[in-house]
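All remarks here apply to the structure that follows.
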Amino acid sequence: MAGVSLRRVRKSFDGQTVIRDIDLDIADGEFCVFVGPSGCGKSTLLRLVAGLETVSGGAVLIGGEDVTAAPPRARGIAMVFQSYALYPHMTVRENIAFGLETRRARKAEIAARVEAVAKRLELEGLLERLPKQLSGGQRQRVAIGRAIVREPRVFLFDEPLSNLDASLRVQMRIEIARLHQSLRTTMIYVTHDQVEAMTLADKIVVLNAGRVEQAGAPTELYRHPRNLFVAGFIGSRRMNFLPVRAEGMRDGAVEVLLPGGGRLAVPVAGEGARAGEALTLGIRPEHLRLAGGAPDLAGPVEVVEELGDEQLAYLRLPDGGLVTARLESGTAPREGETGALELPPAECHLFRADGSAFGRP
Amino acid sequence: MNAARLAGRLAFALLLLAIILFALFPFYHALVTSFRSGSELFIPGLFPAALDPRNYALVFTQQNFGRTVLNSVLVAVAVVGFSMLLAVAAAYALGRVRFRGRGALMLTILGVSMFPQVAVLSGMFELIRALGLYDTLPGLMLANLVLTLPFTVWVLTTFMRELPKELEEAAYVDGAPPLTVVRRVFLPLLWPAMVPTALLAFIVSWNEFLFAFTFTLSAETRTVPVAIALLSGGSRQELPWGLVMAASVIVTLPIVALVLTFQRKIVSGLTAGAVKG
């Protein structure tokens, strides 16, 4: 068991920099998720930790030991690949045993450990099958089995669930969470799916264009996104962004002019905000409510999506922007009617023109 | 409509028949001739009057043909062995490792196979003699490698590139050093490509004439194609067609047997990688 630290890690391919000076500390036993849009460098960062790519600069430490120059086999890691990468010519048993054989473990020990892993992952009946005779979920479990049988210091997962169908993905997600609870080994998990990130992580690292946008606990990223990118990326429904104008500061709040003419005092630390400055107000769909009295936002409802337990209403604002509100089922106005919404000030985020967020209480 | 279709199928069948005849008639003729001897050889006819196995016995008793076949087998097996060993190692480097000049090296290897054999003959002769391998089987093995390596390397490299990169990486993460990865992961997956490639290398070495003719002198180091060309009859004026054909049939049989044995592998090898799955 060991923590992982990255010190000013840089990586470029053919002159193109894909990882820019990343500093990161992952504590021993932590479940850390790298998340970001495709091409943000999250898989590359994982491969740098694995040793499958060599860094162009900086250092990688595992368990306090500098492994920057060490090959993968000397790092004490195990990895689960997106494509599973099971050896197609070996049975499930041979696939799981391979990592032990390369370390010249004794035959009896190998057999015992393979059996134990097979039991834990419910693969007992499949040990003599070839990968091509397995379903997607079973292959995934074999790939995980191949990783845990070696008892590594750090587990690396590279988008392990992206090839599975939706229901199986949820099921495997729970299995991976359970696995982490029982093993308590450091895990680094790469995904582009923010739901996986939110549900699995102790710590989420949001990456964009080779940089860390923000790293922290899921609730912290959800409640206190540091900038527009993180605010828009985290959350199962994308945050609404409204162009607003600062009207002035007032005891620990910034008063802003909303599209359509409404005014709202947003309780943020508004140091540096000047009257007349163009800002962006962020509000999550699940925090918008139907207005009881005078609405903060109003406009014609263009589309209502019925999801059974909830409805998503899309309102066209006077300035042409579209806002999404998650409403309780049966309460949304009909399509074509005018919707009136209320913004709970405490749930609002405020961003400067450069994208950085004002601090929230 | 129906008649047109029938005519089309008939024409297709005829075409097939023509191709088969064209491909197989020479061998059939050799087979028939090998069972004839004496003046019967010069009577044209599609069927032998009688099956006379005398030529087959004569080839072995009169010409020390057994030794010649053994030489050919030794050379071909060694060439196939070395070709495969070197080609797999080279394919790993060329197909898997990124290094400067890889493309140029690949083209050079392909270029080597474009030289006509005669062009390298004299240079190769000097090389063989300098190494003290003239008139020896190892010398012939070395020379034949020049013929087989370019295409074995090229085919296996192409195939190696098709193997998913994650497999190799998974093995590295699993703690396997590069040689183990080649032996335990790549080799088993390359089998379908290696079998037909090895077979082609065997055929090339088995049929090779020019090097064998130039680099050997004595009957003890002669290979089959040379021995057949040098078969002599009872007198200077007589070319022993019966013996030549009997010897030809004998040396064709191992190839036919090999191809039939590995037929399924060859087909799967030639198409492998075309479609995933």
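Convention: sequence-line order gives letters A, B, ...; per-chain numbering from 1.
In this structure a side-chain-to-backbone donor-acceptor pair under 3.5 Å is present from A:Thr102 to B:Asp174. Although no hydrogens or angles enter the test, the distance criterion places a donor-acceptor pair under 3.5 Å between the side chain of A:His89 and the main chain of B:Arg184. Looking only at distances, a side-chain donor or acceptor of A:Tyr87 sits under 3.5 Å from a matching main-chain atom of B:Ala171.
By the neighbour-count criterion of 12 heavy atoms within 6.0 Å, atom CG of B:Leu179 is sparsely surrounded, having that number or fewer from other residues, nucleotides or ligands. Applying the 6.0 Å contact sphere to CZ of B:Phe99 captures more than 12 heavy atoms from other residues, nucleotides or ligands. Residue-environment remark: CD (A:Glu128) exceeds the threshold of 12 foreign heavy atoms within 6.0 Å. Within a 6.0 Å sphere centred on CZ of B:Phe115, heavy atoms belonging to other residues, nucleotides or ligands number 12 at most.
Using a 4.5 Å cut-off between heavy atoms, A:Arg75 does not touch chain B at all. With a 4.5 Å cut-off on non-hydrogen atoms, A:Ile77 touches chain B through its backbone and its side chain both. For A:Gln82, no part lies near chain B; criterion is any non-hydrogen pair under 4.5 Å.
Residues A:Phe98 and B:Val185 are in side-chain contact: their nearest non-hydrogen atoms beyond the backbone lie under 4.5 Å apart. B:Glu169 places none of its side-chain heavy atoms less than 4.5 Å from the side chain of A:Met79. Side-chain contact check for B:Val173 versus A:Arg150: some heavy-atom pair is nearer than 4.5 Å.
Considering every non-hydrogen atom in both A:Arg146 and B:Ala170, the closest pair reads NH2-CB, 3.5 Å. A:Ala85 and B:Leu167 get closest at one heavy-atom pair: O-CD2, 3.6 Å.
Atom CD of B:Glu166 is separated from atom CG of A:Leu86 by 11.5 Å, given to the nearest 0.5 angstrom.
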